[in-house]
Amino acid sequence: MINEKCLNVEDIYGENVFNDTVMQDRLPKKTYQKLKETIREGRELDVETADVVAHEMKEWAIEKGATHYTHWFQPLTGVTAEKHDSFITAPKSSGKVLMSFSGKELIKGEPDASSFPSGGLRATFEARGYTTWDCTSPAFVRQDESGATLCIPTAFCSYTGEALDQKTPLLRSMEVINQQSLRLLRLFGNTTSKKVTPSVGVEQEYFIIDRENFLARKDLVYTGRTLFGAMPPKGQEMDDHYFGTLQEKIATFMKDADIELWKLGVPSKTEHNEVAPAQHELAPIYEECNVAVDHNQIIMETLRKVANRHGLQCLLHEKPFAGVNGSGKHDNWSLVTDDGINLLDPGKTPHENMQFLLVLCCILAAVDDHADLLRESASDVGNDHRLGGNEAPPCVISVYLGEQLQDVINQLVDTGSATHSIKGKKMETGVRTLPDFMKDATDRNRTSPFAFTGNKFEFRMVGSQDTVGEPNIVLNTIVAEAFSNACDVLEKADDFQTALHDYIKELAIKHQRITFNGNGYSREWAEEAARRGLPDIRSMIDAIPALTTDKTIEMFEKFHVFNRAELESRAEIEYEQYAKKINIEALTMIDMTSKQIIPAVMDYESTLADSIIAVESAIGRKPGTQVAILEEVDELLTETKAAFDKLVALSRKSHEIVGNVERARYFHDEVDVAMEALRRPVDRLEMIVDKDMWPMPSYGDMIFEV
């Protein structure tokens, strides 16, 4: 147990990670250099080097208490997966065993590929699949009450080579954006940068409630969100929870989560109360894209695990409570060279920074050309409940540039050239004792799905429980395509400067429609977006087709990120998962209504009727108020029963629907609507029935009593 009074973050940070420092210390110099070359240049790791690395990794892990290792991977389930193997070898005749770990075991594992979602790529009888070590993401030892396990980040593919995970295409997309970014840099005479990597910072929002209340709600246990629930008298309207003083219990939980994350090399940096009661946020420091995606999975796992230790429950669903803010996962994305150049840094005079303007206009082109695909990358059943309000971005993709860059783009469009940039002004507070400082030239826009925020873009649409792998695969690839198109033109130019100016102007004019600095929630913007021809994709069901358009397939196949079969399989998986999740929610509503809500309301009616009889006997007339309440409850119960019967019938009929697309559409158009119809009278009943007789904790119990 760490002595909290003398906790030194530097002493514990990364102590459970087989990182570069550990490798330098433990590996022979030749082996270390070969491994670094493999990571840096993308070479295949030879068996001899792998054996040495595996042995030292095993010895290090055993010193940390590990008895088992696992290939830690990210199948298309949305969560991580692992199969544990011990380090022991076959027992000797003496009864003793040896602890060993070979390079082959490090490099390759063999989970059952048919038991994970494959979208038809693998049949049940075609079970073989492989996990293979991703040496660009460091191995780590996870310690908990069950012991310690060496976790080796791996990619997961089928026997025939198709990607069955998020990591494989992510690594492919990182290589593509590296290649095309270097092409672009070479146009501007940069011959020193050798690698360009997407830099990603992932802000993670979540709710924390008491675990006993969680376990008392079947809907939270089975689906992650409340399917019933009336708002308490107070919600988030006073804005007093946002950045408010942390409750001691929450602060203690956050501190323990930080310690766990720091030991695993996750640079947890910022934490605070979010807008909704019981909602919070954690944000790490920026990292290379692949590591950031892995670390976000570790963050979600750690938040859940540490919360349970404190008698709490971490809710990662995008909309666990209706009526208050949902939770997102803001994906902050930029491109950085190995020698520290940020391609999205506009400098002090953006209008003169031609390399930045080309990068910016290419990104505008990428987002405009593939707005549907970018929207799809953030689609999720839970996100359908979140997008479009309460500080979540709308479903229409647009780019917020801020006053400074929007003015530069406007100059390019209106006059063909940009001659000036808006400067930040001195902040005037009117208080002489406060220091003066220069404010940014640009404000922020919390209603924008894709916002420029100084030297990066913030994709605010991603859902809180989703992997950030898919959005970054899409961002990397669509921007790589835009860079490739630019290089194809400019590499052939006789007069580079003239061609560069003309190409930037062309992109600015063609794709200015995607930029919008105003209120993304306004009706005027919805109407304007429609006039501009921007897609307004309201649900996951409507977003999925973007995966398999000719344009999408052509782009991904051109850059070898996905092939047609992989894209079609992912679409099938998403349709299937949508139907399954709504079906689970519907069955949970049916179960709660029949076993908890209707019996509780009937008990209340009986109690109320007995009270009416007793009062009538005492005063000689029926009490009007109680009679009116009984009549209202009976009317709502009748409405509840009718909605319940319809949902049951629709649920049964769903078994007759054939085909993943048809089933998903049925659950969206019919079942989901019926679920909302059932919720309405039940939530009204909750406001009437005696609290002691209501069969589950209320919103007030959960979000205000942590």
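Values below: all heavy atoms of this structure, side chains included; hydrogens, waters and symmetry mates excluded. All of these numbers come straight from a predicted model, not from anything done at the bench.
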Asker: Report the relative orientation of the aromatic rings in Phe156 and Phe73; use parallel for angles under 30°, tilted for 30 to 60°, perpendicular for over 60°.
Answerer: tilted
Asker: Does Lys581, at its NZ atom, have more than 12 non-hydrogen atoms belonging to other residues, nucleotides or ligands within less than 6.0 Å?
Answerer: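 Yes, enclosed.
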Asker: Taking Arg217 for its side chain and Pro697 for its backbone only, find out whether a donor-acceptor pair lies under 3.5 Å.
Answerer: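 Checking the backbone N and O of Pro697 against the side chain of Arg217, a donor-acceptor pair under 3.5 Å is found.
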Asker: Indicate yes or no for a side-chain donor-acceptor contact from Trp262 to the backbone of Ser268 under 3.5 Å, with no hydrogens or angles considered.
Answerer: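 Checking the backbone N and O of Ser268 against the side chain of Trp262, a donor-acceptor pair under 3.5 Å is found.
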Asker: Could you label the plane-to-plane angle of the Phe101 and Tyr69 rings as parallel, tilted or perpendicular, counting under 30° as parallel and over 60° as perpendicular?
Answerer: tilted
Asker: Students often mix this up, so state it plainly: with edges at 30° and 60°, are the rings of His84 and His68 parallel, tilted or perpendicular?
Answerer: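 His84 and His68: tilted rings.
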Asker: Which of these, Ile152, Thr168, Leu171, sits in a side-chain contact (heavy atoms from CB on, under 4.5 Å) with Asp134?
Answerer: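 Of Ile152, Thr168, Leu171, side-chain contact (heavy atoms from CB on, under 4.5 Å) with Asp134 is met by Leu171 alone.
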Asker: Can you classify the ring geometry of Phe253 versus Tyr206 as parallel (below 30°), tilted (30 to 60°) or perpendicular (above 60°)?
Answerer: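 Ring orientation, 0 to 90° scale: perpendicular.
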Asker: Taking atom CZ of Arg538 as the centre, does the number of heavy atoms from other residues, nucleotides or ligands within less than 6.0 Å exceed 12?
Answerer: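 Counting neighbours around CZ of Arg538, 12 or fewer heavy atoms of other residues, nucleotides or ligands fall under 6.0 Å, so no.
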Asker: Strictly under 6.0 Å, is that where the ring centroids of His241 and His272 end up?
Answerer: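 Ring-ring flag for His241/His272: false, centres at least 6.0 Å apart.
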Asker: Take atom CD in Glu212; do more than 12 heavy atoms of anything else shown fall under 6.0 Å from it?
Answerer: no
Asker: Would one find more than 12 heavy atoms of other residues, nucleotides or ligands at under 6.0 Å from atom CD of Glu63?
Answerer: yes
Asker: Quick check on side-chain contact (heavy atoms from CB on, under 4.5 Å): which of Val293, Leu76, Thr80 does Gln166 satisfy it with?
Answerer: Leu76
Asker: I would like to know whether Val324 and Glu274 meet side-chain contact (heavy atoms from CB on, under 4.5 Å); could you show each step before the answer?
Answerer: CA-CA 11 Å; Val324 296; Glu274 257 298 337; over 6 Å; no
Asker: Does atom NZ of Lys249 have more than 12 heavy-atom neighbours, drawn from other residues, nucleotides or ligands, at distances under 6.0 Å?
Answerer: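 Above 12, so yes.
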Asker: Taking the inter-plane angle between the rings of Tyr578 and His668 on a 0 to 90° scale, is it parallel (under 30°), tilted (30 to 60°) or perpendicular (over 60°)?
Answerer: tilted
Asker: OG of Ser379 to CD1 of Ile544: how many Å apart, nearest 0.5 Å?
Answerer: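 With rounding to 0.5 Å, OG (Ser379) is 6.0 Å from CD1 (Ile544).
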